[in-house]
Amino acid sequence: MHNQQYPQQGQYGAPPPQQQWGQPPPGQYGAPPPNQYGGPPQGGQYGAPPQQQQQWGQPPPPQGQYGAPPPGQYGAPPPGQYGAPPPHGQYGAPPQGQYGAPPQQQQYGAPPPGQYQPPPQQQQFGPPNQPSLGYGPQQTANIDVIRDVEAIRKAMKGFGTDEKALIATLSKKDPIQINTIRTQYDQRLMRSMVSDLEKETSSYFKEGLVEIARGPLTADAYNLFNAMKGMGTKEAILDDILINRSNADINAIKQEYQRLFKKPLENDLRGDLSAATEQMYMMITAARRAEDSAPVIPQEIEQAVTDLQTGIGNMVSKNAAQVCQILTAKNDAQLRAIAQSYQQRFRKDLHTVLKSAFSGHMEDALLLLLARAQNRALAEAVRLEESMAGMGTKDQLLVQRVVRCHWDRNFMNAVSNEYRKKYGKDLVKRIEGETRGDYEKLMVACVKP
């Protein structure tokens with residue numbers, strides 16, 4: 001259980017080669033290994049690569065690049081699935097109410113007059129993105145976790161807590177394993193694993209364990225709720241969770257938020273944000289972003305650059321909503337193409353232009369959106385450093401960011417590599433210098449391969 005071998009998922013965070021506009025990063029952040037837990041859920045397979053479009057100068061991917069899991073792990077996948085595009089029609093329309101399908105508008109309440117109205121659904125080119133592991137309809141798997149359940153209970157039972165056992169058992173599990181362990185713990189022992197962890201541990205060690213124990217989807221919903229609770233909104237947490245997410249993941253988060261807090265996420269965002277940032281978040285949570293399978297079309301990119309420059313304008317004529325509309329509606333490959341085309345046409349770096357045209361939360365959100373599109377692993381490495389830099393560690397952000405990256409081991413390793421390249425030091429050593437005790441040990445266990 002503790003050393004599952006996972007299918008190799010592409011390279012994370014490698015910057016796109018120059019001139020290859022439409023080329024997506026070979027491994028999407030958070031994309032789960034294909035069909036690793038047995039039968040595929042309805043509506044498509046978890047990590048099956050989208051059908052390849054004819055892309056600008058992109059060589060076809062090598063067959064078998066996704067790697068098959070070791071024999072016998074969670075059920076054998078059907079042969080020929082990895083690396084090859086799925087057979088025609090395999091995806092189909094997901095059933096209503098499933099995470100991959102946008103929920104019906106009235107479920108979350110139509111926006112009142114004058115509020116942002118989402119544009120009509122973009123034309124789909126090929127299949128939609130599949131949800132990240134832990135965000136799809138399959139939340140648990142038929143795997144034997146009884147030893148893990150017993151180890152966690154034993155670590156908290158009686159006098160004292162065995163923190164070392166909790167770290168060893170919880171720090172390296174993927175979302176489906178964690179959800180299965182928590183479900184089995186709660187059902188078999190008639191207790192709540194999350195509540196037990198909250199009672200038996202403390203401080204940021206507790207926050208880290210609870211963040212893991214909830215699994216990524218439920219943790220996202222709680223973190224959003226807590227970021228908007230009370231005085232002031234912790235905008236960095238909203239950005240961390242919602243910017244550059246797939247439509248499938250956004251819809252899953254909205255459904256989970258509604259389930260837990262009995263109100264639409266959009267309502268709380270409207271209550272907490274103002275003016276242009278509120279409008280931007282309504283665009284993001286509308287889940288109308290171009291899917292990764294949508295191609296890069298040069299004429300559309302050139303038009304987007306023209307419209308973007310008009311929106312950026314100057315202090316008198318700036319149109320923030322237009323800028324947000326363009327940037328939040330595009331997939332990562334299209335955003336990279338826009339940044340490259342902007343640079344070529346105006347001889348200016350788009351990042352620098354956005355930074356000077358906007359300020360505050362709007363500036364932070366737009367720059368993160370662009371940075372994640374260009375190199376997701378590097379963007380997360382920078383976020384981790386920002387949570388440790390300067391006076392005092394921003395522990396809440398550090399915990400959430402480490403745990404969010406750790407759900408995908410390949411992505412976590414890519415973040416560590418990008419951190420070393422950018423800052424010339426080791427991420428584990430940096431975390432050890434900023435944290436103490438069991439909290440330090442848990443964070444290090446999450447980051448280490």
Side-chain angles (χ1 to χ4, degrees), residues 1-6 9 12 29-30 32-33 36 132-134 140-141 143-156 161-185 193-194 196-220 222-223 380-381 384 387-388 393 395-417 419 426-449:
M1 260 320 280
H2 299 301
N3 295 303
Q4 300 291 354
Q5 291 301 311
Y6 285 83
Q9 306 178 48
Y12 287 88
Y29 159 73
Q36 158 186 347
S132 301
L133 196 61
T140 59
I143 49 178
D144 180 11
V145 295
I146 189 65
R147 275 188 303 183
D148 293 311
V149 168
E150 287 170 352
I152 294 164
R153 182 68 195 119
K154 185 182 172 191
M156 295 189 282
T161 304
D162 185 349
E163 292 87 0
K164 193 174 174 184
L166 291 176
I167 294 168
T169 311
L170 293 170
S171 64
K172 294 281 199 278
K173 299 291 190 288
D174 72 25
I176 302 291
Q177 290 170 325
I178 280 289
N179 290 341
T180 306
I181 290 167
R182 187 189 61 251
T183 304
Q184 294 277 330
Y185 185 103
M193 185 168 108
V194 169
D196 284 352
L197 289 167
E198 286 175 328
K199 282 185 214 128
E200 296 293 330
T201 58
S202 61
S203 190
Y204 293 107
F205 178 53
K206 172 182 80 177
E207 289 206 16
L209 288 173
V210 168
E211 184 87 0
I212 291 169
R214 281 180 170 147
L217 175 58
T218 303
D220 278 352
Y222 272 102
N223 291 336
E380 300 318 303
L384 285 169
S387 63
M388 295 183 279
T393 301
D395 296 284
Q396 186 182 36
L397 287 176
L398 180 62
V399 167
Q400 291 184 17
R401 288 169 181 175
V402 166
V403 172
R404 192 171 298 112
C405 291
H406 106 291
W407 290 119
D408 182 326
R409 301 311 310 172
N410 290 318
F411 184 69
M412 184 75 254
N413 295 342
V415 171
S416 295
N417 291 337
Y419 187 91
D426 182 63
L427 179 58
V428 166
K429 285 191 168 55
R430 179 79 169 105
I431 290 171
E432 285 173 342
E434 293 292 324
T435 55
R436 295 288 174 270
D438 295 315
Y439 165 36
E440 174 194 326
K441 289 176 188 144
L442 178 62
M443 293 296 98
V444 167
C446 285
V447 171
K448 273 190 171 171

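In this text, all values refer to a predicted model and were calculated from it rather than measured experimentally.
At least one side-chain heavy atom of Met388 sits less than 4.5 Å from a side-chain heavy atom of Leu427. A heavy-atom distance below 4.5 Å is found between the side chains of Val210 and Glu198. The side-chain heavy atoms of Ile146 and Gln184, taken from C-beta on, include no pair separated by under 4.5 Å. Looking only at side-chain heavy atoms (C-beta outward), Thr180 and Lys173 stay at 4.5 Å or farther from each other.
Atom OH in Tyr204 sits 6.5 Å away from atom CD in Gln396 (nearest 0.5 Å). With rounding to the nearest 0.5 angstrom, the OG atom of Ser387 is 4.0 Å from the CG atom of Leu398. Atom-to-atom distance recorded for Thr169:OG1 and Asp162:CG is 8.5 Å, nearest 0.5 angstrom. Here the SG-CZ distance, from Cys446 to Arg409, works out to 7.0 Å after rounding to the nearest 0.5 Å. Expressed to the nearest 0.5 Å, how far CD of Glu163 lies from OG1 of Thr201 amounts to 8.0 Å. For the atom pair Asp220 CG and Thr218 OG1, the distance stands at 9.0 Å (nearest 0.5 Å).
Considering all non-hydrogen atoms of both residues, Asn179 and Arg214 come closest at OD1-O, 3.9 Å. In terms of heavy atoms, Asp438 sits closest to Phe205 at O-CD1, 3.5 Å. Scanning both residues, Leu442 and Ile167, for their nearest heavy atoms gives N-CD1, 3.9 Å. Contact detail for Val403 and Gly208: the closest heavy-atom pair is CG2-O, 4.3 Å. For the pair Gln177 and Ile143, the tightest heavy-atom approach, listed with the atom from each and the gap, is CG-CD1, 4.0 Å. When all heavy atoms of Thr435 and Ile431 are compared, the closest pair comes out as OG1-O, 2.7 Å.
In this structure, Arg430 is not positioned above the aromatic face of Tyr419 in the sense of NZ or CZ being under 6.0 Å from the six-membered ring centre and within 45° of the axis.
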Original post:
Between Glu200 and Leu209, does a side chain to side chain contact (heavy atoms under 4.5 Å, CB included) hold up when you go through it step by step?
Top reply: CA-CA 11 Å; Glu200 296 293 330; Leu209 288 173; over 6 Å; no
**OP:** Assess whether side chain to side chain contact (heavy atoms under 4.5 Å, CB included) is satisfied between Ile212 and His406, documenting all intermediate values.
**Re:** CA-CA 9 Å; Ile212 291 169; His406 106 291; 4.1 Å; yes
Original post:
After noting the C-alpha distance and the side-chain angles of Ile152 and Leu170, does the key distance pass the side chain to side chain contact (heavy atoms under 4.5 Å, CB included) rule?
Top reply: CA-CA 8 Å; Ile152 294 164; Leu170 293 170; 3.7 Å; yes
Subject >> Intermediate values then yes/no, side chain to side chain contact (heavy atoms under 4.5 Å, CB included), Ile181 and Met193 >> reply: CA-CA 9 Å; Ile181 290 167; Met193 185 168 108; 4.1 Å; yes
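Side chain to side chain, Glu211 and Asn223 meet the donor-acceptor criterion of an N or O pair below 3.5 Å.
Side-chain N or O atoms of Arg153 include none that pairs as donor or acceptor with a backbone N or O of Asp148 at under 3.5 Å.
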